[in-house]
Asker: 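Structure provided below as structure tokens; questions to follow.
Only this structure's heavy atoms are used, side chains among them; waters, hydrogens and symmetry mates stay out. Note that the coordinates shown come from a computational prediction; the quantities given were computed from them, not determined experimentally.
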Amino acid sequence: MPGETVFDPFAGIGTVPYCAVKLGRRGVGVELSAGYWADAVGYCEAEARKANVPTLFDLTEAEGSVA
């Protein structure tokens, strides 16, 4: 369900947390490799930023509801 937390104890490059964020969930992962962890954080942060950017359809709906 959106908003729930998905946990991956062996996150690697963060595929599971990344997909969780992409689907509107919270992604939590544990990784021993500092390099993999840094990559996973970057991927998840980029997806979270993308999720917060309005689309053209969001802007059109907002204009329609104001009028």
Asker: If only atom types and distance count, is the side chain of Glu45 paired as donor or acceptor with the main-chain N or O of Gly42 below 3.5 Å?
Answerer: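 Not confirmed, Glu45 side chain does not pair with Gly42 backbone.
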
Asker: What residue pairs, at least two apart or across chains, pass side chain to side chain donor-acceptor pair (under 3.5 Å) with a residue in residues 26-41?
Answerer: Thr5-Arg26

Asker: For residues 7-23, tabulate all N or O donor-acceptor pairs below 3.5 Å that involve a side-chain atom, not counting sequence neighbours.
Answerer:
{"from": "Asp8", "atom 1": "OD1", "to": "Phe10", "atom 2": "N", "distance (Å)": "3.2"}
{"from": "Tyr18", "atom 1": "OH", "to": "Glu47", "atom 2": "OE1", "distance (Å)": "3.2"}

